[in-house]
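Okay, structure first, notes after.
We count residues from 1, following the sequence as given.
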Amino acid sequence: MSNSPKAKMSQVSMFSSGQEFANLLVSSDLLLHSWFTISDLRNHPYLNNPILVKVYPYHSNGAIVAFVSSPTCTLQKEMVSSEDLEGSQSPFDFISTKRNPHFSVNKAAITLFESLLNELSALKEQLGNVSPLIITGVSLGGSVASLFTLWLLKDNNKRPTCITFGSPLLGDSGLQQAISERPSWNSSFLHVVSNHDPILRSLISPTNAFAGSIPQSCIYNPFGMFLLCSDSDCSCFEEPESVLDIMMEMNLNSQHQDNRFLAFDYEQVLELLKHRVIFKGTSQLFHYSVDQLQAGIDLQLEAIGIGGQQSSNMNPLRTEVKQRVKESFDKKKDAFDPGKKLNKMKEAMAWLEWYKKVTLKEGGYYDSFKRSEYRGRDAVKSRQEIVKHQRILTRYWKTMVAEVEKMPQREETAFRTRWLYAGTNYRRMVEPLDIAEYYMKSGNTDYVNLGRSEHYKKLEEWRKEDNPSGSGNYRRKSVSLTEDSCFWAYVEEAIINSKRLREGSLEEKENAMAYLVKFGGNVMTMIWSYSVSSEIFQPQSSFMNWWQEYRQDILRCLSNFPLANYMDNEVYRSYA
C-alpha cells in the first residue's frame with residue numbers, strides 16, 4: 001500500500017476512531033500543509049473583506065481550501081436559529097433531522113459565510129471532482145470552514161475533511177446532535193486546539209467569554225474530533241461533554257485571559273506533533289475493558305497537562321470524564337448494528353421456510369399455524385419453535401425500523417435500499433402468523449386498522465415508495481410468498497362478512513356485500529398478476545373453507561361476482 005500523503009488521505013473513510021484519524025493526518029503532514037496555507041493567506045491584504053478564502057493545490061488532483069478572518073472580526077455571543085435561517089440566504093435547512101429539527105449557529109460565522117455565498121457557490125461546483133479535498137481555517141475562519149464543509153457534505157460524494165485551528169464552537173446542542181446522527185459527517189471534522197491559544201476561552205461557551213448569563217438552550221456544544229494540545233503532548237477526544245470539561249480545565253490553567261483574537265501560531269505545536277504519538281481517543285476505547293478504558297483516560301489527561309500526578313479519585317474532572325466516557329462506551333457497545341445479528345436472522349427465516357414447506361399438505365402455512373393448538377403434541381412443539389423464531393425476527397425488525405426512522409433522509413434512503421429486500425421477505429413470511437394469532441382471539445376484527453403493527457406498515461410503505469408502479473405484471477408463475485402480507489386478514493374479514501350476509505340486519509348485509517365485492521376484485525387482481533401463492537387453493541385452507549361454506553350465499557347475492565365464477569368453474573385448479 002502506498003505511503004504517500006494522497007494515498008493516506010484516500011484511506012480516511014476506513015477509520016472510525018478519532019485517534020486513528022488524527023494520527024493519519026499527522027503522519028501525512030496534512031496538518032502542517034493546512035497551516036501553511038493559512039499562514040500564506042494571512043499575508044494577503046484584507047482590503048474591506050472581513051474574510052478571505054483561497055484554493056491551494058494539494059498533490060496531483062487534491063486541493064486545500066483555506067479561510068482566514070480579518071483581525072478586526074469580533075466574536076459575537078448571539079446565535080441564529082434554524083427557523084431564522086430558512087428566511088435567509090444560508091443553505092443549511094438540510095441539517096435538521098426528524099429527531100433534531102431545530103438548531104442554532106453562531107451569528108458572526110453565518111454572517112461571514114453569507115458574505116462569501118456567491119463565491120462559495122461557484123467554488124462548490126468547481127470542487128466536485130477534487131480528491132482529496134481539505135477545508136481549513138483558523139479562528140472565525142475555522143467556523144466558516146466548518147459551515148462550508150457541512151454544505152459540501154450535503155451532496156458531495158467525495159467526502160471532504162475539515163481541519164480547524166483555534167476555532168470557536170459553532171452551534172448549540174441541536175446542531176451537535178444533528179451532525180452526530182450522521183457518523184460520516186461527525187468524523188469529517190478535526191479541531192486542533194492549543195492550551196496557549198487565547199481564543200480558548202471562547203471555544204468553551206459564550207457564558208465564559210462574555211459577561212451575563214445565557215439560557216442553557218443557547219450554550220455552545222462541540223461536534224467532530226478535538227485534538228487538544230499542550231507543551232508536552234496532545235490527546236484526541238470525541239465525546240462532547242468530555243471535550244467541554246477538558247477545555248474548561250485547560251482554560252482555567254491558561255495564562256491567557258484576553259478576549260482579543262490574537263494571531264496564535266500553530267506551527268510549533270504541529271512540529272511537536274510529528275514527534276509524538278497521539279493518545280487514543282474515546283471513539284476507540286470501546287475495544288477495551290472498563291479498567292483499561294479508565295487508565296487510558298488518565299494518560300490522555302496527563303498528556304495535556306491536566307491533573308498532574310493526582311489520584312483520579314481526588315480529581316473531580318477525571319472522575320466526571322471517566323463516567324461520561326464509560327457511558328459513551330456502554331452506548332456504543334449496546335448500539336443497534338443490523339449486521340451483527342444477520343446470521344441469527346437468517347437462521348430464524350430458514351426455520352419459517354422449512355415450516356412453510358412441510359405444512360403445505362396441511363392446508364398451507366397460515367392454517368397449519370392457526371390450527372396447531374388443536375392437533376397432536378408434535379404439531380404444538382413445532383408451533384412453539386416457530387413462535388420463538390417469529391418473536392426473534394419481529395424484535396429485530398421493529399428495532400431496525402425504529403432506528404431507520406430516526407435517521408436523516410439521505411441516510412434513511414440508503415439504509416432502506418440496502419435492507420428493503422430482506423425486510424419485505426420478513427413481512428410476507430411473518431405477518432401471516434401475526435394475523436393468525438390475532439383472529440384466534442375471539443371477537444377480534446379488522447386487523448389492518450386495529451391490530452397491525454406500525455413496523456409492518458412502514459416496511460410496506462417503503463416497498464411501495466421503492467417500486468411505486470408495482471411488479472409482477474409479466475409473471476407466468478405464482479409467487480411462493482403472497483405479496484400482500486395482509487391477504488389472510490382480508491380472508492378472515494370475508495368470513496366475518498359472509499356470516500353477516502347470511503344472518504345480519506339489512507344494513508349489515510349491505511355493508512357485507514360491499515366488502516365482498518371489493519375483496520373479490522382484489523383477489524382476482526392478485527390471481528391475474530400471479531401475486532398470490534397457490535397455497536390459498538389447498539383443500540383445507542381458510543380461503544377454500546370460506547368458499548365452500550358460503551358459496552351458495554355468494555352466488556345468490558352476487559351473481560356477477562368474477563371471483564365466484566372463477567371458483568365455481570374451478571379455474572383455480574390450473575393456477576400454479
Side-chain angles (χ1 to χ4, degrees), residues 352-372 374-375 424-425 427-436 438-440 447-448 460 470-502 509 512-576:
L352 298 186
E353 288 165 359
W354 165 83
Y355 185 73
K356 184 178 186 298
K357 183 176 181 179
V358 299
T359 57
L360 186 61
K361 302 297 184 182
E362 301 172 13
Y365 175 63
Y366 174 80
D367 285 281
S368 177
F369 183 82
K370 184 179 174 183
R371 298 170 189 153
S372 56
Y374 308 104
R375 293 158 54 205
T424 300
N425 279 347
R427 175 173 57 85
R428 291 171 179 171
M429 180 70 79
V430 175
E431 189 166 15
L433 306 185
D434 285 4
I435 293 169
Y438 182 81
Y439 283 100
M440 284 167 65
Y447 165 84
V448 172
E460 183 174 21
S471 62
N473 297 328
Y474 303 104
R475 284 196 196 94
R476 296 182 180 179
K477 188 176 180 180
S478 66
V479 293
S480 59
L481 283 172
T482 298
E483 286 191 348
D484 191 335
S485 56
C486 288
F487 174 81
W488 291 108
Y490 305 142
V491 173
E492 296 289 353
E493 292 299 313
I495 294 170
I496 292 169
N497 279 280
S498 295
K499 289 179 182 177
R500 292 171 180 166
L501 186 64
R502 177 182 289 178
K509 287 182 179 181
M513 280 194 289
Y515 178 85
L516 290 169
V517 168
K518 182 179 179 180
F519 171 72
N522 289 339
V523 173
M524 286 309 302
T525 298
M526 294 181 201
I527 290 172
W528 289 329
S529 62
Y530 290 102
S531 61
V532 66
S533 170
S534 60
E535 73 174 3
I536 73 167
F537 299 119
Q538 288 295 316
Q540 299 303 313
S541 75
S542 291
F543 180 79
M544 292 301 293
N545 287 343
W546 162 75
W547 172 249
Q548 290 159 7
E549 174 71 20
Y550 296 102
R551 172 179 173 274
Q552 294 299 330
D553 302 271
I554 293 170
L555 290 172
R556 181 176 67 253
C557 299
L558 302 168
S559 55
N560 294 322
F561 195 43
L563 179 60
N565 295 329
Y566 183 88
M567 297 300 297
D568 203 40
N569 294 323
E570 298 187 353
V571 182
Y572 64 85
R573 293 188 180 277
S574 63
Y575 185 83

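Between the T482 side chain and the V532 main chain, no donor and acceptor come within less than 3.5 Å of each other. Remark: side-chain polar atoms of T359 are paired, donor with acceptor, to backbone N or O of Y355 under 3.5 angstrom. Between the side chain of K370 and the main chain of L433, no donor-acceptor pair closer than 3.5 Å is present. Between the Y447 side chain and the E493 main chain, no donor and acceptor come within less than 3.5 Å of each other. Using modelled atom types, one side-chain atom of R428 and one backbone atom of E483 make a donor-acceptor pair closer than 3.5 Å. D484 contributes a side-chain N or O that, together with a main-chain N or O of C486, makes up a donor-acceptor pair within less than 3.5 Å. When atom types are taken as modelled, the side chain of S478 and the backbone of Y530 share no donor-acceptor pair closer than 3.5 angstrom.
Among all heavy-atom pairs drawn from P539 and Q548, the shortest one is O-NE2, 4.3 Å. For the pair R371 and Q540, the tightest heavy-atom approach, listed with the atom from each and the gap, is NH2-O, 2.6 Å. Closest of all the heavy-atom pairs between S533 and Y575 is C-CE2, 4.3 Å. The two atoms that bring S541 and W488 nearest to each other are CB-CH2, 4.2 Å, heavy atoms only. Of all non-hydrogen atoms in W547 and M567, the two that sit nearest each other are CE2-CB, 3.4 Å. Between I554 and A564 the shortest heavy-atom distance is CG2-CB, 4.3 Å.
For F543, the ring pair (Phe, Tyr, Trp, His ring centres under 6.0 Å) partners at least two apart in sequence or on another chain are F537, W546.
Proximity of Y365 to L360: side-chain heavy atoms (C-beta onward) are nowhere separated by under 4.5 Å. In this structure, V479 and L481 have side chains that are not in contact, with every pair of non-hydrogen atoms separated by 4.5 Å or more.
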Quick one, V523 with F487, criterion side chain to side chain contact (heavy atoms under 4.5 Å, CB included). Give me CA distance, side-chain angles, the key distance, then yes/no.
CA-CA 9 Å; V523 173; F487 174 81; 4.1 Å; yes
Worked verdict on F561 versus N565 for side chain to side chain contact (heavy atoms under 4.5 Å, CB included)
CA-CA 7 Å; F561 195 43; N565 295 329; over 6 Å; no
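For the atom pair CD (Q538) and CG (N545), the distance works out to 12.0 Å, reported to the nearest 0.5 Å. Taken to the nearest 0.5 Å, the CG atom of N425 stands 8.0 Å off from the OG atom of S480. In this structure, the separation between CG on L501 and SG on C557 is 4.0 Å, given to the nearest 0.5 Å. One finds the CD1 atom of I536 at 8.5 Å from the CE atom of M526 (value rounded to the nearest 0.5 Å). If you take CG on D553 and CZ on R500, they are separated by 15.0 Å, rounding to the nearest 0.5 Å. Once rounded to the nearest 0.5 Å, the distance linking OH of Y550 with CG of N497 reads 10.5 Å.
Counting only N and O atoms by type, the side chains of Y366 and E492 include a donor and acceptor under 3.5 Å apart.
The existence of a salt bridge linking E549 and R502 is confirmed by a sub-4.0 Å separation between a basic side-chain nitrogen and an acidic carboxylate oxygen. Electrostatic pairing of E535 and K361 does not count as a salt bridge here, judged by no charged N lying under 4.0 Å from a carboxylate O.
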Donor-acceptor contacts under 3.5 Å from residues 513-522 side chains, at least two apart:
residue: Y515; atom: OH; partner: Y490; partner atom: O; Å: 3.0
residue: N522; atom: ND2; partner: K518; partner atom: O; Å: 3.4

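Counting heavy-atom neighbours within 6.0 Å of K499 NZ, excluding the residue itself, gives a total of 12 or less.
Residue pairs meeting the salt bridge (charged side-chain N to carboxylate O under 4.0 Å, His left out) criterion with at least one partner in residues 559-573, sequence neighbours excluded, are R551-D568, E570-R573.
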